[in-house]
Amino acid sequence: MATLTKLDDIVSLAKRRGFIFQSSEIYGGLASCYDYGPLGVELKNNVKRAWWKSVVQMRDDIVGLDSSILMHPMIWKASGHADKFADLISECKKCHSRTRVDQLKNKNGSEGDVNELSNKVCPACSSVGQFTEPMPFKLMFETQMGANAEDTMTLYLRPETAQGIFANFRNVLDSTRVKVPFGIAQIGKSFRNEVTTKAFIFRTREFEQAEIEFFCEPGTDEQWYETWKAARFAWYTDLGIKADNLRFREHDADELAHYAKACTDVEYKFPFGSGDWQELEGIANRADYDLRQHQRGMRSMNAWFEQGRDLMKVNLVDEAEDYHKGPLSFYDDQKKKHYIPYVIEPSAGMDRSTLAFLVDAYDEEEVKGQTRNVLRFHPALAPTKVAVFPLVKKEGMPDIAHNITDDLKRYVTAFYDEKGAIGRRYRRQDEAGTPYCITVDGDTLAEKTVTVRERDSMEQIKVSVDQIKGYIRDKLDM
RNA sequence: GCGGGUGUAGCUUAAUGGUAAAGCCCCAGCCUUCCAAGCUGGCCAUGCGGGUUCGAUUCCCGCCACCCGCUCCA
């Protein structure tokens with residue numbers, strides 16, 4: 001089983017076959033940004049579709065949402081991002097390492113005044129008082145709302161889609177008949193000014209998330225956490241990721257984010273170098289942190305206006321005594337009580353998982369002394385589902401093949417090709433990961449059959465023309 | 001952000017202070033009745049900007065991007 005062992009090979013393959021291009025390449029590229037080409041967009045759309053089918057379409061207890069990227073700034077105050085994502089950073093003049101100012105300690109080990117750096121020790125080289133002026137590090141992208149340049153408001157491109165879900169928790173409760181336990185699912189772009197962007201599309205500043213916020217009764221959260229871990233792991237393996245390349249990694253207490261009670265990553269072993277485990281998805285127990293915070297935020301709007309709409313000056317009001325009965329609480333009709341639901345959050349990176357599906361599907365094998373390159377995509381993910389060929393460009397074969405292609409196009413992505421030798425056309429489809437090829441041959445006219453060739457085994461069978469549509473749809477399970 | 005490396009065609013590589021070469025891919029045509037066959041022809045490149053020079057892809061400087069390591073983030 002051949003694999004790609006260098007990142008360069010992945011980048012090259014992704015470009016060569018039209019999966020992923022560097023953004024703005026004709027202008028020398030833009031760091032950390034990538035575009036999906038013709039095959040890549042099909043693959044990524046299929047990954048998103050498979051996720052949506054798995055968590056929304058196939059379940060009775062999850063509904064969908066598509067919230068806007070721009071939201072009220074106070075969302076980010078309440079969520080904690082405005083504070084946590086705007087750290088002051090100082091750089092050591094000696095070793096040029098950068099450290100968050102609030103993490104620096106004095107020479108004698110005491111915390112000391114955060115603003116007084118003259119006695120602080122560099123954690124990297126132990127130099128004392130060698131720091132530059134603290135610089136604000138903005139992890140959220142800022143933008144302006146309002147075309148009149150003198151009357152604008154600073155907004156933020158969302159650093160996670162989750163807050164759009166929390167902000168709509170009440171709307172979903174009021175407009176649907178969902179009852180806890182239930183979830184809200186969303187796919188969308190998020191933006192973070194990462195300190196370091198690295199390694200192709202693993203960590204980009206613009207990325208696409210698929211998130212579920214699953215609301216459950218306090219006390220049942222740990223059970224749901226385990227349920228979701230298992231469900232999400234199975235999603236990857238069901239779609240063809242080799243189980244050996246997938247694992248859980250539980251976060252230690254000291255690495256948990258500010259909102260999380262527990263968190264487990266689903267990691268994929270990318271085959272570069274010695275094998276590098278990278279996070280595809282995080283499954284977190286956010287407890288009732290977010291909904292409680294937004295209840296505070298909703299009551300802090302006076303402060304927002306009084307402080308001149310400056311997020312850094314706003315302080316959230318204290319939590320109400322009866323917060324469990326607040327506007328973002330849930331009323332359990334049977335138990336006759338209000339409570340703030342706990343939240344289990346499976347948050348998947350669509351770009352990362354798309355790349356994992358691509359890498360995992362890659363294979364090369366020897367066939368009659370020749371190397372055959374093939375992408376063994378799960379049929380649900382394959383960019384093209386079926387290719388149709390006339391064996392030769394005569395005896396009416398192209399017309400029949402065209403008709404079959406047009407017929408199949410109504411249901412699946414189908415591709416017609418009549419160029420070159422038949423073997424070359426098969427191999428081209430192998431490289432794109434097309435699971436089935438249909439060839440119109442001499443028997444089609446005489447016996448009304450076509451040849452169906454299967455990607456992985458290269459086996460061929462005869463299927464009658466009038467059954468081909470049903471045969472393909474059945475094979476693709478569509 | 002630091003250190004090191006890299007940048008020639010869609011891909012993989014070559015060469016050079018003086019016309020940039022090849023294979024694969026792709027396109028057109030011929031041939032072709034089941035797995036990258038063959039023949040003919042064709043398209044296509046020195047990341048961007050500046051300097052030195054009669055002349056720069058080559059030497060120098062700056063920028064951009066990517067890779068490796070560190071740092072950072074989580």
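By convention in this document, chain letters (A, B, ...) are assigned in the order of the sequence lines, proteins followed by strands, and residues within each chain are numbered from 1.
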message = Going by purine N1 to pyrimidine N3 plus the second Watson-Crick contact, or the G-U wobble pair, all under 3.5 Å, which nucleotide sits opposite B/C11?
response = B/G23

ask   = Within the modelled atom types, does a donor on one side and an acceptor on the other bring the side chain of A/Arg453 and the base of B/C35 under 3.5 Å apart?
value = yes

message = Do A/Arg192 and A/Phe141 form a cation-pi contact, if we require the NZ or CZ to be under 6.0 Å from the six-membered ring centre and within 45 degrees of the ring's axis?
response = no

ask   = With rounding to whole Å, what would you report as the distance between B/G51 and B/A56 at their C1' atoms?
value = 11 Å

Any donor-acceptor N/O pair under 3.5 Å between B/C35 base and A/Arg424 side chain = no

Side chain A/Gln429 and base B/A36 donor-acceptor under 3.5 Å = no

For atom NE2 of A/His81 and atom P of B/A74, their distance in whole Å = 11 Å

query = So what does A/Gln460 touch, heavy atoms closer than 4.0 Å: a base, only the sugar-phosphate, or nothing?
reply = base

request  = Look at the rings of A/Phe166 and A/His294 and say which category their plane angle falls in: under 30° parallel, 30 to 60° tilted, over 60° perpendicular.
outcome  = tilted

ask   = On a whole-Å scale, what distance lies between the P atoms belonging to B/C61 and B/G4?
value = 13 Å

ask   = Below 4.5 Å, heavy atoms only, C-beta onward: do A/Glu279 and A/Val266 meet side chain to side chain?
value = no

message = Counting only side-chain heavy atoms from C-beta out, which of B/C34, B/G29, B/C72 sits nearest to A/Thr451?
response = B/C34

query = Across the strands shown, which category fits A/Ser12 at heavy-atom distances under 4.0 angstrom: base, sugar-phosphate, nothing?
reply = sugar-phosphate

query = Does NZ or CZ of A/Arg247 fall inside the cone over A/Trp277's six-membered ring, less than 6.0 Å from its centre and within 45° of the axis?
reply = yes

C1'-based separation of B/C44 from B/A22 [nearest Å] = 14 Å

key: Assigned partner base of B/G3, Watson-Crick or wobble definition, under 3.5 Å   = B/C68

note = Separation of B/U32 atom C1' from A/Ile422 atom CD1, nearest Å, is 11 Å

ask   = Say you pick atom C1' in B/C73 and the same atom in B/C59; how far apart are they, in whole Å?
value = 41 Å

key: Counter-base of B/C39, judged by Watson-Crick or G-U geometry with both distances under 3.5 Å   = B/G29

remark   = Partner of B/U53 under the Watson-Crick or G-U wobble criteria, both distances under 3.5 Å, comes out as none

note = Atom NZ of A/Lys15 and atom C1' of B/A65 are separated, to the nearest Å, by 12 Å

request  = Take A/Tyr426 and A/Phe389 through the test ring-ring contact (aromatic ring centres under 6.0 Å, His included) and record every step on the way to the result.
outcome  = CA-CA 9 Å; A/Tyr426 284 145; A/Phe389 312 138; 5.7 Å; yes

query = Got a donor-acceptor pair under 3.5 Å from the side chain of A/Tyr27 to the base of B/C64?
reply = no

inquiry  = Using a heavy-atom cut-off of 4.0 Å across all strands, would you classify A/Asn373 as base, sugar-phosphate, or nothing?
reply    = base

ask   = If we take the P atom in both B/A36 and B/A45, what is their distance in whole Å?
value = 31 Å

key: P gap between B/C27 and B/A65, integer Å   = 34 Å

query = Separation of A/Leu391 atom CG from B/C34 atom P, in whole Å?
reply = 6 Å

inquiry  = With rounding to the closest Å, how many angstrom separate the P atoms on B/U6 and B/A74?
reply    = 34 Å

key: Among B/U33, B/C35, B/C34, the nucleotide that comes nearest once only the side chain of A/Thr439 is considered   = B/C34

message = Whole angstroms only, please: what is the NZ-P distance between A/Lys419 and B/A36?
response = 20 Å

message = Both A/Arg16 and A/Gly29 contact RNA chain B. Which one's nearest nucleotide lies toward the 5' end?
response = A/Arg16

Interatomic distance, A/Ile10 CD1 vs B/C66 P [rounded to whole Å] = 17 Å

request  = For A/Leu30 and for A/Lys462, locate the closest nucleotide of RNA chain B by heavy-atom distance; then report the residue assigned to the nucleotide nearer the 5' terminus.
outcome  = A/Lys462

Between B/A37 (C1') and A/Arg425 (CZ): distance, integer Å = 14 Å

task = Measure from the side chain of A/Ala31, starting at C-beta and using heavy atoms only, and say which of B/C35, B/U33, B/A65 lies closest.
result = B/A65

request  = Report yes or no: is the cationic atom of A/Lys229 (NZ for Lys, CZ for Arg) closer than 6.0 Å to the six-membered ring centre of A/Phe248, at no more than 45° off its axis?
outcome  = yes

query = Does A/Arg232 make a cation-pi contact with A/Trp235 (under 6.0 Å, within 45 degrees of the axis)?
reply = yes

ask   = Is the gap between the ring centers of A/Tyr36 and A/Tyr34 under 6.0 Å?
value = no

inquiry  = Side-chain N or O of A/Arg428 versus OP1/OP2 of B/C25: is the shortest distance under 4.0 Å?
reply    = no

request  = Please report, rounded to the nearest Å, how far the C1' atom of B/G10 is from the CZ atom of A/Phe21.
outcome  = 9 Å

message = Taking pairing as Watson-Crick or G-U wobble with both contacts under 3.5 Å, can you name the mate of B/C44, or confirm there isn't one?
response = none

ask   = Among B/U32, B/U33, B/C73, which is the nearest nucleotide to the side chain of A/Met397?
value = B/U33

task = In whole angstrom, give me the gap between the C1' atoms of B/U40 and B/C31.
result = 11 Å

